[in-house]
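The figures that follow rest on heavy atoms only: side chains count, while hydrogens, waters and symmetry mates do not.
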Amino acid sequence: MKDCIDQRAFSYRSDPAVPEFDDSTPIAFMDGECVLCCFGARAISKLDRSGDIRICPVQSSLGQAVLCHFEMAPDDPESWLYLEQGKAYTGFDAMIRIALYADCARFLALAVARLPQSSRAWLYRRIARNRFWFGRTDICKRPSPDLLARLIR
């Protein structure tokens, strides 16, 4: 599995463009309008029994600032980021980390992790670039109480 995109943990804390936020638990930064991302957010809220993983739409000011810090465009369909212990992961690497952290879909996560990094990146790009084939939604529209508790806006 690929290491994080920035080896310096908590590098965003020294960036004046990134507002202070509670990073004591993992955070998934994802598109708040993509049906697939909203499905992922709902899956996290159901499968993460610890309740630790929080979700921040990339459309929020915090989401945009964190993505820009890691040189990712908030409007780029591939901009999906996961922060865990101050380190940032993207794409399928982020999803694998979430599955392992939440101790769910471990078999699937480890199977995807066995794919070469270039294959994972290619597959992720194909899905991300075509994500609106599945439609659009609003992650904040009628969230469950558990999902609402996880949302950072």
Side-chain angles (χ1 to χ4, degrees), residues 1-48 50-102 104-105 109 112 117 120-153:
M1 179 168 30
K2 182 184 176 197
D3 286 336
C4 63
I5 61 174
D6 186 341
Q7 292 296 328
R8 297 171 301 131
F10 303 102
S11 63
Y12 49 86
R13 286 182 177 173
S14 60
D15 185 341
V18 176
E20 287 187 35
F21 63 98
D22 178 9
D23 58 3
S24 60
T25 61
I27 304 171
F29 293 84
M30 59 180 69
D31 188 335
E33 298 173 351
C34 167
V35 168
L36 291 176
C37 292
C38 290
F39 172 79
R42 290 181 190 343
I44 289 169
S45 75
K46 287 184 193 279
L47 299 173
D48 174 30
S50 70
D52 287 346
I53 301 173
R54 291 174 299 137
I55 298 158
C56 182
V58 298
Q59 289 82 3
S60 69
S61 57
L62 176 61
Q64 290 182 10
V66 170
L67 263 60
C68 287
H69 170 78
F70 289 106
E71 299 178 357
M72 300 174 77
D75 59 345
D76 183 341
E78 294 180 42
S79 294
W80 203 97
L81 185 86
Y82 175 65
L83 285 180
E84 182 182 343
Q85 296 180 348
K87 294 186 178 182
Y89 303 86
T90 62
F92 276 135
D93 294 323
M95 293 175 197
I96 292 166
R97 298 289 301 195
I98 288 173
L100 296 176
Y101 184 92
C104 66
V112 172
Q117 174 60 33
R120 285 196 313 263
W122 180 87
L123 182 59
Y124 180 78
R125 277 193 307 276
R126 294 299 152 271
I127 294 169
R129 297 254 176 236
N130 296 296
R131 72 194 189 284
F132 288 129
W133 284 356
F134 301 95
R136 289 181 183 261
T137 190
D138 180 357
I139 199 168
C140 299
K141 187 177 182 179
R142 291 181 282 157
S144 68
D146 185 51
L147 179 57
L148 186 60
R150 293 171 186 267
L151 280 175
I152 301 171
R153 297 188 236 184

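Between I55 and R42 there is no side-chain heavy-atom pair separated by less than 4.5 Å. You'll find the side chain of R120 reaches within 4.5 Å of the side chain of D93, heavy atoms only. Side-chain contact between M72 and F29: absent, with no pair of heavy atoms (C-beta onward) separated by less than 4.5 Å. F70 has its side chain within reach of L83: a pair of non-hydrogen atoms, C-beta onward, lies under 4.5 Å apart.
L67 approaches A73 most closely through the heavy-atom pair CD2-O, 4.4 Å. When all heavy atoms of Q59 and M30 are compared, the pair lying nearest together is OE1-O, 4.3 Å. Considering every non-hydrogen atom in both A94 and W80, the closest pair reads CB-CZ3, 3.2 Å.
Partners of I152 by side chain to side chain contact (heavy atoms under 4.5 Å, CB included), not counting sequence neighbours, listed by chain and number: I27, R54, C56, L62. For S45, the side chain to side chain contact (heavy atoms under 4.5 Å, CB included) partners two or more places apart in sequence, or in a different chain, are S144, D146, L147, R150. By the side chain to side chain contact (heavy atoms under 4.5 Å, CB included) test, S50 pairs with D48, D52, Y101, sequence neighbours left out.
Side-chain atoms of Q85 and D23 form no donor-acceptor pair, as typed in the model, at a separation below 3.5 Å.
Rounding to the nearest 0.5 Å gives a distance of 9.0 Å between CD of E20 and CZ of R13. Remark: L81 CG to H69 NE2 distance equals 9.5 Å, nearest 0.5 Å.
Remark: R97 is positioned above the aromatic ring of Y89, its terminal NZ or CZ atom under 6.0 angstrom from the ring centre and at most 45 degrees off the axis.
In summary, the aromatic rings of Y12 and F21 are positioned with their centroids under 6.0 Å apart.
E84 places no side-chain N or O within donor-acceptor distance of the main-chain N or O of P26, the cut-off being under 3.5 Å.
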